[in-house]
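Some notes on the structure that comes next.
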Amino acid sequence: MQVRTRFAPSPTGMLHIGGVRTALFSWLYARRHGGVFILRIEDTDRERSTEEATQVILDGMKWLGLDADEGPYYQTKRMDRYREVIEQFLASGHAYRCYCTKEELEAMRNQQLAAKQKPRYNGTCRNRKEPRPGVEPVIRFKNPLDGTVVVEDAIHGNVVFDNAELDDLIIARSDGTPTYNFCVVVDDMDMKVTHVIRGDDHLNNTPRQINMLRALGAPTPVYAHVPMILGADGAKLSKRHGAVSVLQYRDEGYLPEALLNYLVRLGWSYGDQEIFTLEELQRVFDIHDVNKAASAFNPEKLLWLNQQHIMRAAPERLGKLLRPQLEALGIVCEDEGKLARVAKVMQERAKTLKEMAANSRYFFEDVQKYDEKAAKKNLTAEAVAALRLSGDKFAKLEQWNATSIHAAVAEVASELGVGLGKVAQPLRVAITGSAASPPIDVTLEVLGQEATLRRIECAIGYIESAAG
RNA sequence: GCUCCCAUCGUCUAGAGGCCUAGGACAUUGCCCUCUCAAGGCAGUAACCGGGGUUCGAAUCCCCGUGGGAGCGCCA
């Protein structure tokens with residue numbers, strides 16, 4: 001039997017990392033088993049669904065590379081089908097019209113709550129024969145009154161629910177529109193979903209869905225209720241830490257494979273391995289190995305993983321991704337070769353592409369302003385000799401590469417009788433404006449001879465004017 | 001309130017009764033490497049929620065607490 005999984009977000013809020021992780025698990029499981037991954041947009045709540053949220057889902061999935069084999073399906077386009085099944089339920093006696101008013105329901109609720117009972121519909125209209133004038137009825141599913149439902153969950157094992165705990169849920173509102181739990185059932189059946197992987201906040205909905213599936217004579221899928229993601233403080237995920245659009249991670253300079261790698265390790269592990277490529281994950285991921293407990297989102301580990309993936313990424317690709325980050329800083333560079341060279345020397349010293357861009361300015365524009373502390377320490381009167389001699393030697397270099405530059409710097413140091421640092425640091429500040437950069441030789445190589453000489457002159461001028 | 005779920009370092013996790021003096025990773029501290037910043041290497045601090053069982057033996061199995069979470073909508 002072919003595995004068919006689905007990701008079924010509702011576009012009522014922005015797709016965030018919690019949703020992405022369930023999507024990832026579903027996608028991985030389908031890929032691992034050569035199955036089909038379906039994307040379904042659950043937009044039956046027209047009030048709260050937004051075009052923007054739908055677009056974020058689509059763009060986010062695309063950015064992450066979680067490609068769907070089928071869909072996106074939209075529930076709002078399947079209304080005729082839902083009506084058809086409701087009619088079928090009504091005809092078969094699995095559902096009935098309920099004429100209780102919202103006020104009556106509300107009163108019942110309050111009464112039950114006051115009596116410390118679980119609020120449930122009491123079944124008043126279950127056997128009603130005649131309509132009630134003046135009331136547009138809702139349609140309820142006739143849930144079995146006794147017996148138990150066992151949810152066979154791939155993560156939690158068997159979870160048993162008493163039917164007596166369940167009530168007759170509304171499957172169609174008085175305006176005729178179908179409700180969530182019902183639509184899910186019809187969709188999962190029609191789309192032949194074999195594995196329902198979703199957040200464990202849905203575990204309680206599952207027995208109702210199984211009962212409806214049975215009433216339809218449809219097979220029950222394998223369920224896997226994955227634990228939720230908590231905020232860094234252990235509380236519910238909020239905007240402060242992670243409940244933001246996934247696209248924000250792209251804009252902040254995260255690599256999709258890093259975000260995915262981070263999320264997959266939340267509740268899942270494979271020995272002691274921390275860093276995975278997507279190809280590896282597709283090979284080794286198994287939903288049965290997912291933990292039961294919720295886990296807290298840790299931005300620092302995400303940052304570390306992002307850096308690890310940046311270090312492993314191809315410079316050409318990083319260069320392309322660096323470009324928009326630089327543009328956000330007002331730096332335009334169309335030279336892809338140079339962008340790749342910069343990325344190559346910067347890739348093990350940036351946790352995000354955004355940070356890489358911010359620390360790469362000097363490769364693209366002359367130094368506007370020296371870092372105060374760095375200048376005070378390194379752009380001193382004593383440093384002038386080293387700068388001047390370096391400049392002279394650099395000017396004479398015919399081969400401009402790290403090896404020749406390194407040799408020149410070493411010569412300066414030995415001729416002046418000082419350590420390498422006494423030459424490299426002033427150069428670094430002169431060239432980059434700061435005390436931190438890749439090794440001075442590769443930095444200068446990427447920068448180019450002309451700009452190097454210009455900036456050395458500039459720094460000497462700065463020192464002399466500061467002294468005078 | 002009722003039902004369901006969950007519980008190992010600060011965080012993510014390994015752990016399927018003896019391999020546990022509880023392992024790895026992030027973070028943190030120190031050291032090494034070093035032209036700076038990183039990266040990397042080495043070392044350190046740090047956990048089985050509590051109580052009862054079962055067993056020769058429990059982080060692992062059972063029960064009861066406690067704590068956290070979810071659901072109980074004409075929301076999804």
Side-chain angles (χ1 to χ4, degrees), chain A residues 8-13 42-45 47-49 75 98 100-102 105-106 109 112-120 136-140 151 153 156 159-162 164-167 169-175 177 179-181 183-184 199-207 225 227-228 230 232 234-236 262 265-275 291-305 307-308 311 346-351 359 374 378 406 409-410 413 419-429 432 434-441 443:
Chain A
S10 66
T12 53
E42 310 215 323
D43 56 351
T44 51
D45 184 348
E47 299 282 304
R48 298 196 299 149
S49 296
Q75 289 188 325
C98 169
C100 296
T101 63
K102 283 186 184 179
L105 260 18
E106 184 62 22
R109 234 187 109 72
Q112 289 166 327
L113 245 21
K116 303 195 178 219
Q117 288 173 332
K118 183 182 199 169
R120 327 165 32 237
E136 276 304 319
V138 298
I139 296 168
R140 290 184 185 270
V151 178
D153 193 282
H156 293 272
V159 183
V160 183
F161 292 86
D162 282 328
E165 287 295 331
L166 275 23
D167 64 356
L169 76 157
I170 293 171
I171 59 176
R173 304 179 182 97
S174 47
D175 66 2
T177 58
T179 60
Y180 168 77
N181 275 111
C183 294
V184 168
D200 66 10
D201 48 334
H202 288 286
L203 185 53
N204 287 295
N205 287 328
T206 309
H225 287 96
M228 314 198 70
L230 272 24
K236 195 171 171 174
Y262 175 71
R265 281 285 287 98
L266 240 38
W268 176 85
S269 63
Y270 186 73
D272 285 339
Q273 190 170 345
E274 295 288 348
I275 298 165
N291 282 165
K292 299 180 201 180
S295 43
F297 176 68
N298 183 341
E300 279 159 348
K301 189 157 183 182
L302 204 211
L303 234 21
W304 174 76
L305 266 172
Q307 176 169 39
Q308 293 297 317
M311 291 189 318
M346 291 299 289
Q347 71 185 137
E348 70 178 28
R349 35 183 59 80
K351 291 189 190 302
N359 292 339
N378 297 292
H406 186 86
V409 173
L420 211 54
K422 288 286 179 202
V423 184
Q425 259 329 71
L427 275 173
R428 175 166 284 114
V429 180
T432 72
S434 87
S437 86
I440 198 67
D441 47 6
T443 302

Problem set entry | Qualifying residue for side chain to side chain donor-acceptor pair (under 3.5 Å) with A:Gln307, from A:Glu348, A:Arg349, A:Gln347, A:Lys351 | A:Lys351

For this session: Take atom P in B:rA39 and the same atom in B:rG30, then report the distance between them in whole Å.
Result: 15 Å

Exercise. In whole Å, what separates the P atom of B:rC4 from that of B:rG44?
Worked result: 47 Å

Problem set entry | Side-chain N,O (A:His156) to OP1/OP2 (B:rC6) below 4.0 Å | yes

Exercise. Is the phosphate of B:rA14, meaning OP1 or OP2, less than 4.0 Å from a side-chain N or O of A:Ser269?
Worked result: yes

For this session: Report which part of the nucleic acid A:Gly271 touches: base, sugar-phosphate, or nothing (heavy-atom distance under 4.0 Å, all strands).
Result: nothing

Problem set entry | Test ring pair (Phe, Tyr, Trp, His ring centres under 6.0 Å) applied to A:Trp268 - qualifying residues, sequence neighbours left out | A:Phe276, A:Phe285

Problem set entry | Any donor-acceptor N/O pair under 3.5 Å between B:rG24 base and A:Gln273 side chain | no

Exercise. Between A:Asn291 and B:rA14, is there a side-chain N or O to OP1/OP2 distance below 4.0 Å?
Worked result: yes

For this session: For B:rG53 and B:rU45, measure between their P atoms and round to the nearest Å.
Result: 34 Å

Exercise. Does OP1 or OP2 of B:rC74 have a side-chain N or O of A:Thr177 closer than 4.0 Å?
Worked result: no

Exercise. Is there a side-chain polar atom (N or O) of A:Gln307 under 4.0 Å from OP1 or OP2 of B:rA38?
Worked result: no

For this session: Assess whether one donor atom and one acceptor atom, taken from the side chain of A:Arg349 and the base of B:rC37, lie less than 3.5 Å apart.
Result: yes

Exercise. If we take the P atom in both B:rG18 and B:rG1, what is their distance in whole Å?
Worked result: 40 Å

Exercise. If you take atom types as modelled and just measure distance, does the side chain of A:Asn204 reach the base of B:rA70 with a donor-acceptor pair under 3.5 Å?
Worked result: yes

Exercise. If the C1' atom of B:rA47 is compared with that of B:rU21, how far apart are they to the nearest Å?
Worked result: 15 Å

Exercise. Does a nitrogen or oxygen in the side chain of A:Gln308 sit under 4.0 Å from OP1 or OP2 of B:rG40?
Worked result: yes

For this session: Determine the Euclidean distance between corresponding P atoms of B:rU60 and B:rA16; express it in Å to zero decimal places.
Result: 12 Å

Exercise. When you check the phosphate oxygens OP1 and OP2 of B:rU13, does a side-chain N or O of A:Ser295 lie under 4.0 Å from one of them?
Worked result: yes

Exercise. Could a donor-acceptor pair under 3.5 angstrom be found where the side chain of A:Ser437 meets the base of B:rC37?
Worked result: no

Problem set entry | Whole-Å gap separating P (B:rG73) and CZ (A:Arg140) | 9 Å

For this session: Please work out if A:His225 contacts a base, only the sugar-phosphate, or nothing of the nucleic acid, heavy-atom cut-off 4.0 Å.
Result: nothing

Problem set entry | A:Asp272: side chain to side chain donor-acceptor pair (under 3.5 Å) partners, not counting sequence neighbours | none

Problem set entry | Presence of A:Arg265 side-chain N/O under 4.0 Å of B:rA25 phosphate oxygens OP1/OP2 | no

